[in-house]
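First the structure, in the form of structure tokens, and then the observations on it.
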Amino acid sequence: MKFIIQSTDRASSARAGTLETAHGKVQTPIFMPVGTAANVKAVHLPHLVDDVKAQIILGNTYHLYLRPGVDIIRQAGGLHRFIGWDKPLLTDSGGYQVYSLTEIRKLKEEGVTFQSHIDGSKHQFTPENVVDIQRKIGADIIMAFDECTPYPCEKDYARNSMEITHRWLQRCFDRFNSTGPLYGYEQALFPIVQGSVYPDLRKKSAEAVSSFEADGNAIGGLSVGEPHEMMYEMTELVCDILPHDRPRYLMGVGTPANILESIALGVDMFDCVMPTRNGRNGMIFTRDGFMNMLNNKWKDDFSPLDEEGTSFVDRQYTKAYVRHLFKSGEVLGGMIASLHNLAFYLWLAGEARERIIAGTFSSWKDQMVRKVTTRL
RNA sequence: GGGGAGAUUCCAGAGCGGUCAAAUGGGGCAGACUGUAAAUCUGUUGGCGAAGCCUUCGGAGGUUCGAAUCCUCCUCUCCCCA
């Protein structure tokens, strides 16, 4: 895997680059739509390609392992073939589920025992089998198995958790390096920085992660409820330490403003459920602000959904119509909003990239952050 | 013509002497959602306000310390039999 930095912003740490994977190039900064269960919820593949202009999407080890099961994906010839997606793919390791499914899991040195949220059956994830599973899934980028700590988090807990994540990281790399890809193309393993909101822990973790000289590095454990300023402070601190010539991936972030601010801090890759989940729940993000389509004020607004939007739904449908769909509980509402929001997120990342190259990123970013945080 | 049931806050529908501004559901209004156990969840829904007060349960009277709840009459709806 190769990462080439084309351009670096003068007024910030933002950079524009190209990540080359076995399934093609990714222009960074990039937003990666989340496709947890082998699909980006409510979005057809052709739309994901032609309208959203997605370059890389995510899958999730935990979900795919439980359903349809790794054997089915293996039989299909890997996740790319199973989905019908021939562009880059990234799988998360299940580390986030260690956080979000805290009620039905037990964490030990060896790994984590889970109860399936589907049928309650018991399973174990270890750094080794998570790598094995991700080999079978066959994503271009696979993630190390970590614990995503909650917020707030006691420092002792955060330290212990970080240390176990580091030990797991070594085991992930050991397994990764002693096995090979199953489908004839290269995979990259990204380690994940933890340390909650403690600067000294974050620094230590970033150094530990850097020592692996991985193809790319991720920042985890943020955007879990901490104040934005704390998130930016941690991101900045970690970005300074992580190798400058490798892509940096801020996991689970975030709002359009979060993404812009983090690009300025040197982050190259993002993923978040917000455009799709909030979209299904009636929220539309635009470059002028965000709208709750359920709100009464749109009931007789027959203007296009988003005059400046880049996807076909933006001019195909009116605000009043989309509101009607959401009020009626029609599935199409969520489909329209998901498509629109993802197209907007991809536009935002692409525009940021162009501004970085043009040398006008910082002033544009400040202006966009103001607009994008406005409730319409 | 005979017999029966009923009218409750936006709707449906509980309540059947005080603990009722009135259950519950729907609808309405608003909020939340950040590596997806989410096409989900939460709040609110008579009027002013901080506790509190004021006007409400078809209409008019009445009984009672006290009535959505009991009595009388009126108006209107629905059902069954002719």
Side-chain angles (χ1 to χ4, degrees), chain A residues 31-43 56-64 66-67 90-105 114-121 130 139 141-151 165 190-194 218-228 231-232 235 249-259 261-262 267 269-283 285 290-299 323 325-339 341 345 375:
Chain A
F31 178 80
M32 308 181 283
V34 178
T36 306
N39 77 113
V40 176
K41 292 187 193 295
V43 181
I56 171 171
I57 63 174
L58 263 64
N60 187 291
T61 300
Y62 168 80
H63 294 79
L64 296 173
L66 288 181
R67 201 164 50 187
L90 181 153
T91 43
D92 187 23
S93 61
Y96 186 75
Q97 280 63 46
V98 177
Y99 154 77
S100 68
L101 302 180
T102 174
E103 301 301 317
I104 50 175
R105 58 83 170 161
F114 281 99
Q115 267 189 287
S116 159
H117 71 276
I118 300 162
D119 63 5
S121 56
V130 161
I141 299 171
I142 70 177
M143 301 305 299
F145 191 52
D146 66 335
E147 184 193 5
C148 175
T149 48
Y151 179 85
T165 287
F190 282 20
I192 305 170
V193 174
Q194 289 292 340
I219 306 167
L222 293 177
S223 64
V224 288
E226 77 283 5
H228 285 175
M231 178 173 91
Y232 297 143
T235 301
Y249 165 27
L250 181 55
M251 305 184 78
V253 174
T255 66
N258 290 162
I259 289 173
E261 296 291 8
S262 303
V267 176
M269 303 163 71
F270 300 89
D271 78 285
C272 190
V273 303
M274 192 171 280
T276 43
R277 180 189 288 168
N278 288 32
R280 289 194 306 281
N281 293 332
M283 186 168 287
F285 296 95
F290 59 95
M291 314 182 259
N292 182 347
M293 295 315 295
L294 275 329
N295 285 172
N296 184 253
K297 62 177 139 195
W298 311 118
K299 70 171 185 284
R323 169 179 143 90
L325 293 177
F326 275 110
K327 293 304 283 185
S328 310
E330 291 292 341
V331 170
L332 185 58
M335 294 173 70
I336 290 169
S338 297
L339 180 52
N341 284 342
Y345 267 61
R375 183 185 288 275

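Lettering of chains follows the sequences in order, A, B, ..., and the numbering in each one begins at 1.
- For B/C41 and B/A60, the C1' atoms lie 49 Å apart once the distance is rounded to whole Å.
- Considering only residues two or more places apart in sequence or on other chains, A/Phe190 meets the ring pair (Phe, Tyr, Trp, His ring centres under 6.0 Å) condition with none of them.
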Quick one: which protein N/O atoms are closer than 3.5 Å to N/O atoms of nucleotides 42-44 of chain B? Pair and distance per line, please.
none

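- Side-chain contact between A/Phe270 and A/Asn258: absent, with no pair of heavy atoms (C-beta onward) separated by less than 4.5 Å.
- Across all strands shown, A/Thr276 has heavy atoms under 4.0 Å from base atoms, whether or not it also approaches the sugar-phosphate.
- The separation of B/G59 from B/U75, taken at their C1' atoms, amounts to 7 Å, rounded to a whole angstrom.
- Taking the six-membered ring where the residue is Trp, A/Phe285 and A/Tyr345 present perpendicular rings, their angle passing 60° and hence far from 30°.
- As rounded to the nearest Å, B/U42 and B/C76 have P atoms that lie 46 Å from one another.
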* Asked: Going 5' to 3' along nucleotides 28-35 of chain B, which nucleotides have protein heavy atoms under 4.0 Å from the base (write B), which only from the sugar-phosphate (write S), and which from neither (write -)?
  -> SSSSBBBB

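- Here A/Lys297 pairs with A/Asn295 under the side-chain contact (heavy atoms from CB on, under 4.5 Å) rule; sequence neighbours left out.
- Listed by chain and number, the residues in a side chain to side chain donor-acceptor pair (under 3.5 Å) with A/Ser328 are A/His324 (sequence neighbours excluded).
- Comparing the C1' positions of B/G2 and B/G47 gives an interatomic distance of 48 Å, to the nearest angstrom.
- Residue contacts shown for A/Ser338 are absent, as no nucleic acid heavy atom lies under 4.0 Å away.
- Rounded to whole Å, the P atom of B/C16 lies 12 Å from the corresponding atom of B/C20.
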Which atom pairs, donor and acceptor, lie under 3.5 Å between side-chain atoms of residues 36-43 of chain A and protein residues at least two apart or in another chain?
{"unit_1": "A/Asn39", "atom_1": "ND2", "unit_2": "A/Ala37", "atom_2": "O", "d": "3.1"}

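- As rounded to whole Å, 15 Å separates atom P of B/A39 from atom CG of A/Asn341.
- Residues A/Leu90 and A/Tyr249 form a side-chain contact, since some pair of their non-hydrogen atoms from C-beta on lies under 4.5 Å apart.
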